[in-house]
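Below: the structure, in structure tokens.
Reminder, nothing fancy here: chain letters follow the sequence lines and each chain counts from 1. The shown structure was predicted, so the numbers you read here are calculated from the model rather than taken from an experiment.
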There are 2 protein chains.
Amino acid sequence: MQPAGGSKRVTITDVARSADVSTSAVSKVLRNAYGVSPAMRERVQTAMAELGYRPHAAARGMRGRTYTIGVLLASIRNAFYADLLDGVNAALRNTEYALFMGSSGSSEMEDQTKLIHAMVDRQMDGLILIAPAVPRAEVMGIAAEVPTVVIGHHDPSPAYDCVVNQDGTGVDLVVDHLVGLGHRDIAHVSHPTVRGSQWEQRPEHHVRAAYREAMARHGLTDLARVVHSGYSDEGGYRGAMELLTSARPPTAIFAGADVAATGVFRAAAELGLRIPGDLSLAGYNNTSVAALAPVSLTSVDQAGAMMGETAARLLLERIEKRRDRAVVTASTPHLVTRSSTAPPGA
Amino acid sequence: MQPAGGSKRVTITDVARSADVSTSAVSKVLRNAYGVSPAMRERVQTAMAELGYRPHAAARGMRGRTYTIGVLLASIRNAFYADLLDGVNAALRNTEYALFMGSSGSSEMEDQTKLIHAMVDRQMDGLILIAPAVPRAEVMGIAAEVPTVVIGHHDPSPAYDCVVNQDGTGVDLVVDHLVGLGHRDIAHVSHPTVRGSQWEQRPEHHVRAAYREAMARHGLTDLARVVHSGYSDEGGYRGAMELLTSARPPTAIFAGADVAATGVFRAAAELGLRIPGDLSLAGYNNTSVAALAPVSLTSVDQAGAMMGETAARLLLERIEKRRDRAVVTASTPHLVTRSSTAPPGA
DNA sequence: CTCCTTTCGTATAACGTTGCACGAAGGGAT
DNA sequence: ATCCCTTCGTGCAACGTTATACGAAAGGAG
């Protein structure tokens, strides 16, 4: 406990002086290195506690680890990411590592690149990139320097680990559910393909393909319709408007993200359509918004916390060199049925 | 020069060699220091661009700035914080500073303290603490070491700058609005007082006091009722349940946070009460949730982005030593009326 | 043509930590 | 006693950057 005034930080040298040993000895204790007698360990630890010593991460960074992990978030507003983060936090709870997130606010490629560089420049030990918008080649370059886990994209690489969801299964659950309720005209609101991103397997691609397949499986190929208005409130609104004012409005809409589903709600309200009476609506991700009483949106749960925990675990394995081969883990989604879906015309 | 595996980073030395000058010269260019001829600046900058040089933040941290700003977030789920962050990001956009957030997930005091220490240990240049749960003395200690801005708490200090909202005004807007609609029995859902936090002026205190005053101003002192069930979905639910199943259920509820209002929605739905028919509901913060079509919650807008921008600006002033006296800025809220409030019995 | 300023570039010592290389005890085996 | 291991502690050279001190030109005033 140091008086705050203009006092200097407690350094390893102060500890060494106080414990009457060399700085190397203190460093050894700090690192659990070989060649420390119990007696010395004891003395050093006492001194550290007495002085309130905390290692200087920047200095550590110059030589090795900074014990810092960075998470790139496309948007802080997507509640699903919060679930992921809870998982990451949980996995890191009892380690020495600190977690810092960077969010560009916008999901612009340029901003994200700057953020990732900022993380690398600060010598972070590992990176978790959530659905990065930067080119795949860039990520592979980064991953060659720093252990990296990519969450969301289904493009594996020997350079980084992947944590994804079995999106195909999730889509099947939704379509089967809606068909089971009696719907046939089921439209899908998707995200536009980002040009030049080099990611072939973004979640929206998987979801889109799985949607078409599921429709085909039910003999509804001709009724399958996709609008690419985007995963955002505004995108959901525009997509729904287009669909619902078309010559043949669908009886059900499957939005590829909950956040887009909220836009569909808005469009339906404006058009005087009641949900689920006139239109059934399903989302994806089961974010906390879906669970809100006035929303009560049927959605696919991806167990975000579990994915986050897995990502953190994989990252630590890599950082601590307990594994050197890349890995892909895919978790199983399940459907949460709420009151936004019902038989058509109910 | 380097085999693919362990390619080294480009350092100031590489740039110096390539431009055929000393490292000091490169450093000078980097820092815009005095004593650099246009010719040399030109050559160095060309070399930097050619080699793709990026300064090593950890090394910088050992001597001075790290060009890193840390934001402490109590919870990543509160959409109001996202508004604040947008503002902070905007203010930092064209500076050299990178922004990293730390969120404990839980708002436990201990976790937050660890996070703040992690930021200080990483030599961050400035800290923005959003409604910190750690003891005030602790924050004052930190602020003596690192420039700090506190958002939310109305307890100013010479050690740090404060960015707050005129919460009293916001509350007046809500109560006046509800009274204007004809409500008299207006209850308030608040947050429990945190023991030992030493913050006397948390926003919920201001809001609570202002609520009582506003009720008194309308001659409704006896009808004023506060439950301290907490600013969370669950807290809103419990508080509303208590109020709505009491002997004299209120006709309107003013929730101190939008996130608590969503819990009130849930309670009302369970009790078969319609909003706004049977119960008017107002929130605080005007988060994006309030704007969702199925929610459409009347709420007080605090202009979060502006507050965030102000906080960042104040912080930069302090970091760059353009100001040394602490400052408090309070912005004016306004009411956003939506469809969750209506005359009683409408 | 001195002498005195500027101007501009370089040498160098930190900053706090790590990890290798080294050495001094102490303990067995011969 | 000699030699060789362990075990355990220390010395020291990095790591990439900043900032101070200093020297070498070049320019100006007398």
Can you give me the N/O atom pairs linking the protein to nucleotides 14-16 of chain D at distances under 3.5 Å, or say none if there are none?
residue: D:dA14; atom: N3; partner: A:Arg63; partner atom: NH1; Å: 2.8

*asked:* Could you work out, with ring-ring contact (aromatic ring centres under 6.0 Å, His included) as the rule, every residue matching A:His154, not counting sequence neighbours?
replied: A:His206
*For DNA chain C, what residues of residues 41-50 of chain B have any heavy atom nearer than 4.0 Å?*
none
Are there any protein N/O atoms within less than 3.5 Å of an N/O atom in nucleotides 20-26 of chain D, and if so, which ones and at what distance?
none

Expected rows: protein N/O vs nucleotides 22-28 of chain C N/O, under 3.5 Å:
none

*Any side-chain N or O of B:Ser37 less than 4.0 Å from the OP1 or OP2 oxygen of C:dG9?*
yes
*Please determine if a side-chain N or O atom of B:Tyr34 lies less than 4.0 Å away from the OP1 or OP2 oxygen of C:dT7.*
yes
_Salt bridge A:Arg323-A:Asp161, side-chain N to carboxylate O under 4.0 Å_ = yes
_Strictly below 4.0 Å, N to O, side chains only: are B:Asp14 and B:Arg17 in salt-bridge contact?_
yes
*asked:* Among residues at least two apart in sequence or on other chains, which ones pass salt bridge (charged side-chain N to carboxylate O under 4.0 Å, His left out) with A:Arg322?
replied: A:Glu320
*Sequence neighbours left out, what passes salt bridge (charged side-chain N to carboxylate O under 4.0 Å, His left out) with B:Asp83? Give chain and number order.*
A:Arg77
*asked:* Test of understanding: with side-chain contact (heavy atoms from CB on, under 4.5 Å), list the residues that count as partners of B:Glu200, not counting sequence neighbours.
replied: B:Asp155
_Residues in side-chain contact (heavy atoms from CB on, under 4.5 Å) contact with B:Arg54, at least two apart in sequence or another chain_ = A:His117, A:Val120, A:Asp121, B:Arg9
Report all side-chain donor-acceptor pairs from residues 35-53 of chain B shorter than 3.5 Å, counting only partners two or more places apart or in another chain.
residue: B:Ser37; atom: OG; partner: B:Met40; partner atom: N; Å: 3.2
residue: B:Arg43; atom: NH1; partner: B:Ala19; partner atom: O; Å: 3.0
residue: B:Thr46; atom: OG1; partner: B:Glu42; partner atom: O; Å: 2.8

*Just by distance, do the side chain of B:Thr23 and the backbone of B:Ile12 share a donor-acceptor pair under 3.5 Å?*
no
Donor-acceptor pairs under 3.5 angstrom involving side-chain atoms of residues 305-315 of chain A: please list them, not counting sequence neighbours.
residue: A:Thr310; atom: OG1; partner: A:Met306; partner atom: O; Å: 2.8

*For the helix from C:dC1-D:dG30 to C:dT30-D:dA1, what is the angle between the axes at its two ends, each from 5 pairs, rounded to 10°?*
50°
